[in-house]
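Everything below concerns the one structure shown next.
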Amino acid sequence: MKYKVDYVRIRENYITLNGWVVGKKPTSQPSFHVYNSKMESVEFKYVKTRRDDVSQTYFGKVYDEDYGFDIKFDYKRGDDYYLEIAIDKQKKRIKYNEELIYKRSSVAYKRMEKLKDLCNMETVRVAMNFMKKNGLRALIRKSKSKIQGMDNDYEYAEWYEKTKPTKEELNAQRDVKFDYSPLFSIVVPLYATPDNFLGELLDSILNQTYQNFEVCLADGSEGGKDKEEFIKKYIEEKSAQNKIKYKKLGKNMGIAGNTNEALKMATGDYIVLVDHDDVITQNALYEYAKAINETKCDCMYSDEDKLDMDGGSLFDPHFKPDFNIDMLESVNYICHLFVVKKELVDIAGMFDAAYDGAQDYDFIFRVSENAKKIVHIPKVLYHWRCHMNSTASNPQSKLYAFEAGARAIKAHIERMGNSLPVEKIEKGVDYGIYHKYFIMKEQPLLSIIIPNKDHSDDLDLAIRSIVTKSTYKNIEFIVVENNSTEKKTFDYYEKIQKEFDNVKVVFWEREFNYSLINNFGVGYASGEYLFFLNNDIEMINPTSIEEMMWYAFRKDVGIVGARLLYNDDTIQHAGVVVGFGGVAGHTFIGLSDVENSYFHRALTLQDYSAVTAAALITKKSVFNEVGGFSEELAVAFNDIDFCMKVRSKDYLVVYNPYALFYHYESKSRGLEDSPEKIERFNRETAIFMKRWPKILAEGDPYYNPNLTLRKSNFALRDLLHEKIGEPFIDEKIKKYL
């Protein structure tokens, strides 16, 4: 038996445990029991969860089994409890009490556990097997990624305390007079809300540094559980008669219905959507009033984190990108705190009960479709209370919500009318993340352009993997020969063109220049769409090209990129953030393909500022519109520059993780290891930085300024060494600027 309890938390009057367990065989099934200090059985709730990373680690592949568990049970403070795990006739019993739980939640304990994980014999066995299969360099790369993941300077609670507004800043906000002071209507549907949670929410609202608001409470509680007496007493104690409106509905009208009743009470300029058991920060409404005055926006959202049931601990911050329509069509990443102009609600309509469980998702789609300006405030302004039956903690507990979400996505796409028809929408990497499939009745000709120099074996693998695997068949290959010297290469060219009539070899006879070579290849392309491909690429997913073409078809999309893996199944490319390492870099590089990335972003279809041209599809018309690749960037950042030029024409750059390839990384050209190559790289880096200074100074809109630019794993910003608005510039580059 192998097991681990990843985290334990006390929630008001119960304990939640999350972890995993495996037996001798992939199909071994565990059983669980909970006992008190008298060894009497304690009732508990148990939900199975996916843990593909565990399956990959212990069985070498992903099985369709649930190795994870979420367990919840009631507890009395001061008592001891035991979790018993049984599998394959083995049993383990783990003790829990408050002292042990708080000890195990400390930063020091967590770091020690991570070190133990790296040093135990199971880890050594897995590492040795990995090295035998993939080699020492691959093991070093993966181990480096693991260790870097441990090297965070802050736990979030500590980081938040250092970055939240000071008392002086909050007091200064109270004295600010805006040119326009919108009235915010804070809309809150109630249903059997615990008094302490509702009290905390109302306290957080009344303590706002911006005070032009009203609170609209619609109570759908039944059976005498309404909050009428509590609200009356609260209003009287707080002297909040001019701030709080309360309506007793007498029956539960559902999530949408209760919210609509609260909306009907609203008289404000902007609607603020808040759940009945959550908390907003003191500066929340101030930040929204400030954004409205500065940008004239009509739709806004902020970052958020989670609050434990006792209200004493913050965790799991979600630092979001600016508005990202393809990410929104994949997951409701906007969530809280969502604010929308009342005029937009009047146009889009109120909440629709047909989408109960995902009614906010549907609502966000409808209002954003009509919004003139959508603004993201990159600050945590909302604390989402997390409990076992909440989608914030356990998505499977509200499965119906995700089915409603799929319907909301489909309805939105149909209203927009700029995509191919939706065939189906399935669960992505997790519940709440959606994988869309489209119907493409015709396959336009796709020209695949591959530069090559003396790597005929790699080139043959690239071509054959597509020819033999791809479900997309209307393709032609333009191989751009680039000063090869081996007879074997030219013999291969002759052979492959005879074998496949859709392969053409053209000859580039000047010096190496990636941009010019690809621009040259485009001159021979007959396709309406272009697929720039490195020669060291191998297709994994047979539908990869289809997946990319579904989005390349859209008029608002200029470029589509793919997910690329090293041959050890760690991530080589999952989108590009401008600013990583000072200029630009790949996200989640070196992360195992089965490890969880930040809010699953590595496996979520979304927009980015750039993707790599190692596997990139674009329309020929868009390519010509921006003048192709920039010839002054012969080696460095030419693909990122191309993406930036396309973005400057208001096209989207889409990263599609379901388009999956191996990338054996730059075998053809070699390393930038000579003085001449290093100087050229530095010079071209400076060209890119001078060409795109705004995004480097202001930050990538598809990233978040609260996250680090020094690593690719979306860790928290280093408060000691990273200041917002000050991009890192290597000393070697400065002389070229």
Side-chain angles (χ1 to χ4, degrees), residues 160 163-165 170 173 182-190 197-198 200-217 243 255 259 262-263 266 268-295 297-307 311 314-324 327-328 331-342 344-345 351 358-361 363-365 367-368 371 373-386 390-392 599 704-706:
Y160 179 80
T163 56
K164 71 179 184 180
L170 292 173
Q173 289 176 10
L183 174 63
F184 291 108
S185 293
I186 303 172
V187 171
V188 187
L190 305 180
F197 292 169
L198 182 55
E200 287 181 39
L201 168 61
L202 294 175
D203 286 347
S204 74
I205 294 172
L206 293 184
N207 288 331
Q208 289 296 297
T209 58
Y210 179 90
Q211 283 285 307
N212 193 20
F213 64 82
E214 63 180 10
V215 184
C216 304
L217 305 172
K243 293 291 188 184
I255 305 173
T259 305
L263 274 171
D269 305 300
Y270 284 81
I271 303 297
V272 183
L273 299 174
V274 177
D275 288 346
H276 65 161
D277 54 358
D278 297 336
V279 174
I280 64 175
T281 64
Q282 278 187 269
N283 60 321
L285 296 185
Y286 169 85
E287 295 293 349
Y288 282 99
K290 182 171 179 279
I292 291 166
N293 277 270
E294 290 176 348
T295 68
C297 55
D298 51 3
C299 195
M300 295 161 283
Y301 63 97
S302 72
D303 296 335
E304 63 189 281
D305 59 20
K306 296 186 178 70
L307 174 71
L314 298 174
F315 60 100
D316 204 15
H318 189 185
F319 291 115
K320 308 166 188 176
D322 288 354
F323 187 65
N324 189 324
M327 190 174 183
L328 184 60
V331 59
N332 182 9
Y333 79 93
I334 287 179
C335 279
H336 308 295
L337 177 65
F338 188 64
V339 176
V340 59
K341 198 169 188 178
K342 179 65 163 56
L344 274 182
V345 180
F351 284 73
Q359 72 290 330
D360 53 342
Y361 200 6
F363 182 77
I364 289 170
F365 275 131
V367 295
S368 65
K373 188 171 185 62
I374 302 172
V375 166
H376 162 230
I377 300 173
K379 297 181 179 182
V380 169
L381 303 179
Y382 195 94
H383 303 313
W384 185 4
R385 199 180 300 271
C386 179
S390 168
T391 50
F599 283 85
N704 189 295
N706 295 292

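- For L337 against L273, the heavy-atom pair with the smallest separation is CD1-O, 3.5 Å.
- Ring centroids of H383 and F315 are separated by 6.0 Å or more, keeping the two rings apart.
- Aromatic pair Y301/F338: ring centres not closer than 6.0 Å.
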Task: Check against side chain to side chain contact (heavy atoms under 4.5 Å, CB included), F184 and I271 - done: CA-CA 6 Å; F184 291 108; I271 303 297; over 6 Å; no
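- Between Y210 and Y288, a ring centre-to-centre spacing not shorter than 6.0 Å is recorded.
- Between H276 and V188, the shortest heavy-atom contact is CA-CG1, 3.7 Å.
- For the pair K341 and D298, the salt-bridge criterion is not met [side-chain N within less than 4.0 Å of a carboxylate O].
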- [ ] Verify side-chain hydrogen bond (donor to acceptor under 3.5 Å, both in side chains) between H336 and D360, making sure each step is shown before the conclusion.
- [x] CA-CA 10 Å; H336 308 295; D360 53 342; 5.6 Å; no
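- Sorted by first then second residue, the salt bridge (charged side-chain N to carboxylate O under 4.0 Å, His left out) pairs that include residues 202-213, not counting sequence neighbours, are D203-K238.
- Under a cutoff of 6.0 Å and an axis angle of 45°, K243 and F213 form a cation-pi pair.
- For Y270 against P182, the heavy-atom pair with the smallest separation is CD1-CB, 3.8 Å.
- Using modelled atom types, one finds a donor on one side chain and an acceptor on the other under 3.5 Å when comparing E214 with S185.
- Listed by chain and number, the residues in a side-chain contact (heavy atoms from CB on, under 4.5 Å) with A358 are Y361, A404 (sequence neighbours excluded).
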- [ ] Show your reasoning for whether side-chain hydrogen bond (donor to acceptor under 3.5 Å, both in side chains) applies to D305 and H318.
- [x] CA-CA 6 Å; D305 59 20; H318 189 185; over 6 Å; no
